[in-house]
Amino acid sequence: MAVSALLEPIIKSAAFPDMLSELQTIWEAEQLRRAEFYNWVTPDIKAEFIEGEIVVHSPVRLRHNSISKRLTALLDFYVIKNNLGFVGIEKIMVRLTRNDYEPDICFFGKAKSEKFTEEQTLFPAPDFVVEVTSPSTEGRDRGVKYEDYARHGVQEYWIVVPNTQTVEQYQLKGDTYELVVQHTKGEITCLAIEGLTLPTRALFDDEMYAQAITALAK
């Protein structure tokens, strides 16, 4: 079995058994904190469990909320109209191997969403995730989440930057993301939701949003 370059020096160390025992202890303690997190978090608290720590989010800025609302409405309308799956927003708790995230917007195709129950509170890796950045979250959006979503097979990832009104579209290639394009205008074609193309400005401008949702309704 091939050993990664990261693990090789650990495995070759005489202290390997002690390291392994210590790592197991750390992992078990982290999972206990994770269980406590599930018991603590409520629908009123926007929080995530990342690398063993609870991350509580502050209220969003108006422009962040406006972008999320416009894009969610566009995606949800199209997905429901075409019976393509399920669109979740903010309080959908996505449970990955180590971390638990509440993406700003996420989409599950029918293969996953048809198995969901009405009382479900923890969800698998989505097929498509959108994170709208803020000063407090951008590091994680481009760091641990970027890596974790890719490792768990999220096929498409958008990073929306309110300050520059930019949409960065990433597509999974193997086990990492590849930048497809950065959009500030023109149209963006969603790769994970079949047949969906939107004007980029519809995320940032009410008039363009109204035109876009009218077009989807036809």
Side-chain angles (χ1 to χ4, degrees), residues 26-27 29-61 63-65 67-72 75-76 79 85-109 111-113 115-117 119-162 167-179 190-193 203:
I26 292 170
W27 175 253
E30 184 174 301
Q31 293 310 297
L32 286 175
R33 290 197 299 276
R34 194 179 193 183
E36 292 169 357
F37 166 71
Y38 293 149
N39 290 328
W40 168 80
V41 72
T42 70
D44 300 322
I45 301 173
K46 172 76 171 173
E48 300 175 309
F49 189 82
I50 303 176
E51 297 177 336
E53 302 295 333
I54 295 174
V55 178
V56 179
H57 295 278
S58 57
V60 299
R61 290 175 168 86
R63 63 185 176 189
H64 182 294
N65 183 257
I67 292 167
S68 294
K69 283 203 311 179
R70 293 186 195 107
L71 183 54
T72 300
L75 297 179
D76 201 37
V79 166
F86 173 77
V87 174
I89 183 169
E90 290 191 350
K91 286 300 295 175
I92 292 293
M93 182 72 75
V94 171
R95 177 182 167 90
L96 302 185
T97 304
R98 184 184 185 189
N99 301 315
D100 298 281
Y101 303 118
E102 292 187 338
D104 288 320
I105 305 170
C106 56
F107 163 75
F108 303 87
K112 294 177 182 177
S113 65
K115 299 174 184 177
F116 294 167
T117 67
E119 299 300 318
Q120 189 163 336
T121 59
L122 297 175
F123 295 82
D127 297 300
F128 170 42
V129 165
V130 179
E131 296 285 8
V132 181
T133 67
S134 67
S136 63
T137 67
E138 187 164 9
R140 289 187 293 272
D141 294 338
R142 298 186 182 280
V144 62
K145 289 187 177 184
Y146 181 96
E147 179 182 350
D148 221 3
Y149 290 150
R151 287 176 61 85
H152 287 82
V154 177
Q155 294 300 307
E156 185 173 2
Y157 182 34
W158 291 7
I159 296 178
V160 181
V161 186
V167 181
E168 300 173 14
Q169 182 183 26
Y170 296 90
Q171 182 179 21
L172 191 63
K173 296 288 187 180
D175 58 358
T176 191
Y177 285 123
E178 180 179 287
L179 179 64
C190 185
L191 305 172
I193 302 178
L203 279 64

Applying salt bridge (charged side-chain N to carboxylate O under 4.0 Å, His left out), can you list everything that pairs with [X], at least two apart in sequence or on another chain?
X    : answer
E36  : none
D100 : R34
K91  : E102
R95  : none

In Å, rounded to the nearest 0.5 Å, how long is the span from [atom1] of [X] to [atom2] of [Y]?
X    : Y    : atom1 : atom2 : value
L203 : L71  : CG    : CG    : 4.5 Å
S68  : R63  : OG    : CZ    : 12.5 Å
Y101 : L96  : OH    : CG    : 6.0 Å
Q171 : Y177 : CD    : OH    : 10.5 Å
E138 : I159 : CD    : CD1   : 7.5 Å
W40  : I45  : CH2   : CD1   : 4.0 Å

Considering all heavy atoms, the nearest V94-A125 contact: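 Answer, listing the atom of V94 first, then A125: CG1-CA, 4.2 Å.
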Sequence-distant partners of [X], side-chain hydrogen bond (donor to acceptor under 3.5 Å, both in side chains), two or more places apart:
X    : answer
E30  : R98
R61  : none
T97  : H152
R140 : none

Side chains of L172 and Y157 in contact at under 4.5 Å (non-hydrogen atoms):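 Side chain of L172 against side chain of Y157, heavy atoms only: no contact under 4.5 Å found.
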pair P126-F107: side-chain heavy atoms closer than 4.5 Å: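 P126 vs F107: side chains apart.
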Backbone N/O of V154 and side chain of E156: donor-acceptor pair under 3.5 Å: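 Side chain of E156 to backbone of V154, a donor-acceptor pair under 3.5 Å: no, none is there.
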All pairs passing side chain to side chain donor-acceptor pair (under 3.5 Å) where residues 126-135 contributes a residue, at least two apart: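 Residue pairs passing side chain to side chain donor-acceptor pair (under 3.5 Å), neighbours aside: K112-D127, E131-K145, E131-Y149, S134-S136, S134-T137.
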Qualifying salt bridge (Lys or Arg N to Asp or Glu O under 4.0 Å) pairs, either residue in residues 168-178, two or more places apart: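 Listed once each, the pairs are R142-E168.
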The single option from D104, V130, V132, I105 passing side-chain contact (heavy atoms from CB on, under 4.5 Å) against W158: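 Of the listed options, the one satisfying the test is V130.
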Aromatic plane relationship, F123 with F108 - under 30° parallel, 30 to 60° tilted, over 60° perpendicular: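 Tilted.
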For E119, all residues meeting side chain to side chain contact (heavy atoms under 4.5 Å, CB included), sequence neighbours excluded: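 If we apply the side chain to side chain contact (heavy atoms under 4.5 Å, CB included) test to E119, skipping adjacent residues, there are no hits.
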Set of ring-ring contact (aromatic ring centres under 6.0 Å, His included) partners for F37, sequence neighbours left out: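 If we apply the ring-ring contact (aromatic ring centres under 6.0 Å, His included) test to F37, skipping adjacent residues, the hits are F49.
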